[in-house]
Amino acid sequence: MSEHKDFLRTIVEKDLKSGKYKNIITRFPPEPNGFPHIGHAKSIAINFGIARDYNGYCNLRMDDTNPTTEDTRYVEALKDAVEWLGFKWEGDVRYTSDYFEKLYDWAVELVKMGKAYVDSLDEETMREYRGTVTESGRRSEYAKRSVEENLDLLERMKNGEFKDGAHVLRAKIDMSAPNMKMRDPLLYRIRHAHHYRAGDKWAIYPMYDFGHCLSDYIEGVTHSICTLEFENNRDIYDWVLDTLKLEPPRPYQHEFARLGINYTVMSKRKLLELVNEKRVSGWDDPRLPTIAGFRRRGYTPESILNFCDQIGIAKANSTVDFSQLEFCIRDDLNTKVPRVMCVLDPLKVTIENYEGSEELDAPYYPDDVPKEGARKVPFSKEIYIEREDFSENPPEGYYRLTLTQAVRLKHAYIITCKEIKKDRNGNITEIIAEYNPESKSGQDTSGIKVKSAIQWVDAVSAKKVEVRLYDRLYSCENPQSIEDLNPDSLKIIKNALIEPAVITEKPDVRFQFEREGYFYADPIDYTDANPVFNKIVGLKDSWGKKEKQQKPLTTRRTQPKKVQIEGETEPMSEHEQALFNKYTTELKLNSMVAEILARDNKLSSFYEDTLSANNSPITIANLVANEVARELKEKEIDELQFNPAQIAELVKILDNGTISNKIAKEVFEEMVKSGENPTQIVEAKGLIQISDTSVIEPIIDEIIAKNPDNVEKFRAGNTNLLGFFVGQVLKATDGKANPKVVNELVAQKLK
RNA sequence: UGGGGUAUCGCCAAGCGGUAAGGCCGCGGCUUUUGGUGCCGCUAUUCGGGGGUUCGAAUCCCUCUACCCCAUCCA
């Protein structure tokens, strides 16, 4: 766990500390109606991760309340995903469908309480009745049905006596609730459908809002973590649990932002479309952000988990750079997999002065990877190198083989180019080269320095392999439709050449093809006769990048600062205007403060009451407009712990210098909580301000002596540090030192 | 538009009145038989805008703006 906790862990810790819960129970509750993707991985990492971090446990629950879309194959995929990521759910897999009986009993209970009713409006009418976001809805006439009638109807719904859509069970909440979700939400609907687990037993199925909170409760879940789009549903979550008066403790819902990654799509609908329209080869197509896709591509669970860790958890909608994911898989594989040589686009090289053959020793791992292992690499007169590693007209900074530039064959000899052979069209078909017998890798006495070492394979022993080069699925950052698909997301190379050990020894399933990238033996299509490798990710390529980037770097510094349009504030009413005028002219308040007070009649009346007890208009105004305003945001005046007379008193001791502004805030906080008198608080806590320089000075000297680095930085021009020193002094005096005095003194001493 | 959210570097993201963390990307340099890795530097005088309170504001107050979610018998 990193040292900075995310907001969910902060909540969990607080709940543990306060004793709200003894143990933490979370759950990962997917609906089995689609294949899990990396967004699910984030949720899995959060839910299982929190349970692990706080010694609790996490359930895996299929939220299977909609029989028409769900299927066992998805259940399997979901279980598989969790396991692959290395997590264990508590006990057996749970299913909301296992709770149907209990859920139904609770529904009956709500009906008995008069909190739920059977509605028989048709779908369209119901929609009309719901109103809109700006207009309130109205309640169906059926809401007037008696408890007995509702009970009877509900039972018959359950028994399958009615057709789909004939009736629904709704919670009786508030048809004019500003939160649309609270306008008598549906609890049950009739569905004469076969459920993949419950079979044909049920003719009615619970809705998400009814089933989810209660399933959490049944399982003893403490923190029900879901994504942002359920924020509006939280009110129902609470309503159901509270209305049923269930025995505590009960779960609470918390929401985080779902994962978005650029150059790909994450919605079930769009993913399904890609698969159904055969734009990809299936759910496990290595270009897809599905768990199965990543797995087939060769990503490791560690890399995915690491990614989830790196991106953090917050409430702001965001889109993570694909490069972050690429970093994670490279970072993981770098220390794990063997390096081997594979030539994707072969160019024949004949080494004129070499005769016979030999087997060269080559370690699988570079020096900086602490792993053992080596293989033999056959070498002879005819070899293949990567076409890109030779250039007849090299650009500036080219390190590889040229007419005049020698290069090392990795693990072998240094060669120089003698002659180029071309076909009729001018394409290079072969290079005639010469090797230096003194330059053998590991026993080089030639003294030749080369700019680079390139990969190669021996012509006679190399094996032919198929290599599938995958790139981002879409060509734009924020793809909208299939038109944004990247036409080059898959390139298949049928005739790549690989050194024999990879095929014969099979030292691993993942490899780094030296200087190319990381590759994975395809778990499905790979056969000994036709080996297939998937490209997981390329190596970082600062040369390739430099080559492409010919266009001048646009100076991004001078971005157009976008002008922000100021909206109009509603004009003040006549009464407010009059107050405002009085405040600014008679009482000399600044116009901002005057406006805050004038526009809010709770504030203005509180202000005037305070003023009548202490004639200090400006200080009181500032206090009321800034501090009292915060308390009055969601409360009425008579709900406050403190009263105007106490504020008047606070202002008095503030005005006469007994306490500083900083202390005044502290005292105010205390008044908010306890309602005690300010003078008492000041006395009890000994908060009287220290303005005596002879007391303060030695403290400053001490702080300065303790922080020589910061003194230096300050003197070098970092004047922000003044705040640091003042803060330190204030901390040392428990906030009692007069900050103005401290400020002056510190500034003086640091000069 | 009523309600609920969110705004800190190109992308994520800490920060909760006292020195603007960290990661990715990018840019330099060193190391390197991978133009990889590793290491070392650099990259926000400023926190969506404007005001206010304060010795001191990303943090508190006011206000404006932008974006996301909600009117499925989906979850």
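Model, not experiment: these values are computed from the prediction. So that the names make sense, note that chain A is the first sequence line, chain B the second, and so on, each numbered from 1.
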message: Nearest whole Å is fine: how far is B/U72 C1' from A/Met126 CE?
response: 12 Å

field: Partner nucleotide, any strand, of B/G2 [Watson-Crick/G-U, under 3.5 Å]
entry: B/C70

- prompt: Is the shortest side-chain N/O distance from A/Arg138 to OP1 or OP2 of B/A71 below 4.0 Å?
  reply: no

- prompt: Where does B/U31 land, syn or anti, once you apply the within-90°-of-0 test for syn?
  reply: anti

message: From NZ of A/Lys315 over to P of B/C12, roughly how many Å is that when rounded to an integer?
response: 18 Å

query: Regarding A/Ser441 and A/Arg408, is there a side-chain donor-to-acceptor distance under 3.5 Å anywhere?
result: no

- prompt: What is the per-nucleotide protein-contact pattern of nucleotides 56-63 of chain B, from the 5' end, where B denotes a base atom under 4.0 Å from a protein heavy atom, S denotes such proximity for sugar-phosphate atoms only, and - denotes neither?
  reply: -B--SBBS

query: Any luck finding a side-chain donor-acceptor pair between A/Gln253 and A/Arg234 under 3.5 Å?
result: no

Phosphate OP1/OP2 of B/U54: any A/Lys740 side-chain N/O under 4.0 Å: no

- request: Round to the nearest Å and state the distance from A/Asn233 atom CG to B/U72 atom P.
  value: 13 Å

query: Out of B/U33, B/A75, B/U45, which nucleotide sits closest to the side chain of A/Thr65?
result: B/A75

Give every donor-acceptor pair under 3.5 Å between a side-chain atom in residues 715-732 of chain A and any protein atom, sequence neighbours left out.
unit_1   : atom_1 : unit_2   : atom_2 : d
A/Arg715 : NE     : A/Leu750 : O      : 2.9
A/Arg715 : NH2    : A/Lys749 : O      : 3.4
A/Asn718 : OD1    : A/Asn720 : N      : 3.3

task: With heavy atoms under 4.0 Å as the rule, sort A/Tyr399 into base, sugar-phosphate or nothing.
output: base

query: Should the heavy atoms of other residues, nucleotides or ligands under 6.0 Å from CG of A/Asp367 be counted, would the total exceed 12?
result: no

Using a cut-off of under 3.5 Å, enumerate the N/O to N/O pairs linking the protein to nucleotides 68-70 of chain B.
unit_1 : atom_1 : unit_2   : atom_2 : d
B/C68  : O2'    : A/Asn317 : ND2    : 3.1
B/C69  : O2     : A/Asn232 : ND2    : 3.4
B/C70  : O4'    : A/Asn232 : ND2    : 3.1

